Amino acid sequence: MLKFFTLASGSSGNSVYVGTKKTRFLVDAGISGKDITNRLRENGIEANELDGVLVTHEHKDHIKGVGVISRRYNLPIYATPGTWEGMEKDIGKVAEENKKFLDLNQSQELGDLKIEVLPTSHDALEPAAFAFYHKEASLGIVTDTGKITSSIRKNITGCKGLLLEANHDATMLRKGTYPVRLKKRIASTLGHLSNQMSGEALAEFITGNTQKVVLAHLSAENNRPPLAIHTVKEVLAEQGFTSCPELTVAPRYEAHPALQLKAE
């Protein structure tokens with residue numbers, strides 16, 4: 001089986017665990033090393049069992065604990081050259097042998113996981129999303145993108161597990177207290193997906209194979225979990241879905257219960 005769960009989600013910090021019985025990775029480590037260790041343990045994983053960290057991009061809410069856990073547990077860090085350029089000054093000293101590079105639109109074999117590295121559309125140097133494959137199980141993780149790129153669409157459609165951002169409600173963002181410049185940045189194609197956009201993307205991604213969907217990176221100011229779920233379900237219904245896979249929201253400050261994707 002392929003197991004996954006979020007450790008934290010939102011602008012205060014992001015991290016996702018993805019693993020099999022043999023291979024275990026974090027996607028991002030945007031919270032403290034202590035919180036990472038504790039929240040992994042809540043779901044039966046010890047941090048010293050990790051095989052590394054994959055980093056989507058260099059923004060602080062995705063890299064806060066990256067350097068700490070790399071040094072503490074001697075973990076390799078995998079990121080695109082652009083992300084390395086953007087984050088290296090902020091994560092502290094990392095052993096040279098633990099600096100690993102990823103290429104966009106390329107596959108990476110790590111343990112018994114195959115990983116596709118997919119470009120996103122975000123205001124970062126070389127941001128990425130990931131699709132994971134283990135035997136017949138598959139998982140797509142897409143956050144921090146203002147639009148769905150062709151590579152994401154190609155590789156995420158039909159995954160058995162989907163973790164997709166539903167960052168904001170467009171009306172709440174428009175009427176909210178954020179400065180106009182920040183509102184424009186969030187709503188741009190280099191920003192974040194709204195609930196409506198997330199629902200429209202899921203209408204493309206979900207197939208009969210899809211088992212679990214987690215909405216992630218919700219704004220504390222411009223969204224609410226019940227609203228995100230309602231909007232996504234409404235969009236799916238409009239697109240002809242009479243039912244949808246299990247749909248949950250990633251908690252902001254705690255770990256999501258572990259989810260397992262069956263290979264059959």
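Predicted, not measured: the structure shown is a model, and the values here were computed from it.
- For Arg39 and Glu42, the salt-bridge test fails: no basic side-chain N is under 4.0 Å from an acidic carboxylate O.
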Margin query: Assess the residue pair Lys154 and Thr157 against the criterion (side chain to side chain contact (heavy atoms under 4.5 Å, CB included)); give the C-alpha distance rounded to whole Å, side-chain angles, the decisive distance to 0.1 Å, and a yes or no.
Written below: CA-CA 6 Å; Lys154 176 183 176 182; Thr157 298; over 6 Å; no
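- Under the 4.5 Å side-chain heavy-atom criterion for Ile, Leu, Val, Met, Phe, Trp and Tyr, Ile229 and Phe241 are members of the same hydrophobic cluster.
- Asp169 places no side-chain N or O within donor-acceptor distance of the main-chain N or O of Asn195, the cut-off being under 3.5 Å.
- Under a cut-off of 6.0 angstrom, the local environment of NZ in Lys233 is sparse, with at most 12 non-hydrogen atoms contributed by other residues, nucleotides or ligands.
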Next item on the list: Test side chain to side chain donor-acceptor pair (under 3.5 Å) on Thr23 and Asp51 and set out the steps.
Entry: CA-CA 6 Å; Thr23 308; Asp51 293 296; 4.8 Å; no
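- When every heavy atom of His134 is checked against every heavy atom of Leu2, the shortest pair comes out as CB-CD1, 4.3 Å.
- With ring centers used as reference points, His217 lies under 6.0 Å from His62.
- Remark: Met87 CE to Lys60 NZ distance equals 12.0 Å, nearest 0.5 Å.
- Classified by interplanar angle (parallel below 30°, tilted 30° to 60°, perpendicular above 60°), the ring pair Tyr17/Phe5 is parallel.
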Notebook entry, point to check: Taking it one step at a time, do Ile186 and Tyr178 satisfy side chain to side chain contact (heavy atoms under 4.5 Å, CB included)?
Noted result: CA-CA 10 Å; Ile186 292 169; Tyr178 281 4; 3.5 Å; yes
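- Under a hydrophobic-cluster definition in which Ile, Leu, Val, Met, Phe, Trp and Tyr are linked whenever side-chain heavy atoms come within less than 4.5 Å, directly or via other members, Leu227 and Leu164 are assigned to different clusters.
- For the pair Glu97 and Lys99, the salt-bridge criterion is not met [side-chain N within less than 4.0 Å of a carboxylate O].
- When all heavy atoms of Met197 and Gly146 are compared, the pair lying nearest together is CE-O, 3.2 Å.
- How far CG of Asn167 is from OG of Ser194: 9.0 Å, rounded to the nearest 0.5 Å.
- Note that CG of Leu215 is 10.0 Å distant from OG1 of Thr231, once rounded to the nearest 0.5 Å.
- Rounded to the nearest 0.5 angstrom, Ser12 OG and Tyr253 OH are separated by 4.0 Å.
- Atom NZ of Lys64 sits about 14.0 Å away from atom CG of Asp28, to the nearest 0.5 Å.
- No donor-acceptor pair closer than 3.5 Å links the side chain of Asn222 to the backbone N or O of Thr177.
- Below 30°, between 30° and 60°, or above 60°: for Tyr78 and Phe25 the angle between ring planes is above 60°, a perpendicular geometry.
- The shortest distance between side-chain heavy atoms of Leu259 and Glu246 falls below 4.5 Å.
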Notebook entry, point to check: Going through the distances and angles, do Thr83 and Thr80 end up as a side chain to side chain donor-acceptor pair (under 3.5 Å)?
Noted result: CA-CA 5 Å; Thr83 296; Thr80 63; 3.0 Å; yes
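- Residues Leu118 and Leu193 share a single hydrophobic cluster, defined by chaining ILVMFWY side chains whose heavy atoms lie under 4.5 Å apart.
- Using a 4.0 Å cut-off between a side-chain N of Lys or Arg and a carboxylate O of Asp or Glu, Glu109 and Lys114 do not qualify as a salt bridge.
- Of the possible donor and acceptor atoms, none in the side chain of Thr6 sits under 3.5 Å from a partner among the backbone N and O of Ala8.
- Arg41 and Glu46 are joined by a salt bridge, as a carboxylate oxygen and a charged side-chain nitrogen come within less than 4.0 angstrom of each other.
- Taking all atoms of both residues into account, the shortest heavy-atom contact from Lys100 to Pro76 is CG-CB, 3.9 Å.
- Note on ring orientation: taking the six-membered ring where Trp is involved, the planes of Phe101 and Trp84 are tilted (angle from 30° to 60°).
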Item checked: Evaluation steps, side chain to side chain contact (heavy atoms under 4.5 Å, CB included), between Met1 and Lys135 -> CA-CA 9 Å; Met1 291 186 180; Lys135 297 181 179 178; over 6 Å; no
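- Linking ILVMFWY side-chain heavy atoms closer than 4.5 Å, directly or via other members, places Leu261 and Val213 in two distinct hydrophobic clusters.
- Inter-residue side-chain proximity for Leu102 and Gln108 is flagged as met; some heavy-atom pair is nearer than 4.5 Å.
- Val16 and Val53 fall into different hydrophobic clusters, where Ile, Leu, Val, Met, Phe, Trp and Tyr residues are linked whenever their side-chain heavy atoms come under 4.5 Å apart, directly or through other members.
- Checked by atom type and distance alone, the side chain of Thr37 pairs as donor or acceptor with a backbone atom of Gly33 at under 3.5 Å.
- A donor-acceptor pair is defined here as one N or O able to donate and one able to accept, closer than 3.5 Å; no such pair exists between the side chain of Lys3 and the backbone of Gly19.
- Taking NE2 from His192 and CG from Asp144, the interatomic distance works out to 5.0 Å, rounded to the nearest 0.5 Å.
- Minimum interatomic distance between Ala131 and Asn155 (heavy atoms only, all atoms of both residues): CB-O, 4.1 Å.
- Side-chain contact between Thr210 and Lys160 is absent, with no heavy atoms from C-beta onward closer than 4.5 Å.
- Between His59 and His57, the ring-plane angle classifies as perpendicular under the 30° and 60° cut-offs.
- Put simply, the side chain of Ser70 reaches to within 4.5 Å of the side chain of Val94, judged on heavy atoms.
- Side chains of Val55 and Ile63 form a contact here, defined as non-hydrogen atoms less than 4.5 Å apart.
- Considering all non-hydrogen atoms of both residues, Gly158 and Ser138 come closest at O-OG, 4.2 Å.
- At distances below 3.5 Å, not a single donor-acceptor pair connects side-chain atoms of Glu165 with backbone N or O atoms of Ser198.
- Taking 4.5 Å as the limit, every side-chain heavy atom of Glu85 sits out of range of all side-chain heavy atoms of Glu58.
- Under the 4.5 Å side-chain criterion, counting only non-hydrogen atoms from C-beta, Glu116 is not in contact with Ser151.
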Notebook entry, point to check: Hey, mind stepping through Leu26 and Leu40 against side chain to side chain contact (heavy atoms under 4.5 Å, CB included) and telling me if it holds?
Noted result: CA-CA 10 Å; Leu26 290 183; Leu40 285 170; 4.0 Å; yes
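- The two residues Val235 and Gly199 make their nearest non-hydrogen contact at CG1-C, 3.5 Å.
- In this structure, the side chains of Thr149 and Arg153 stay at 4.5 Å or more apart for every pair of heavy atoms.
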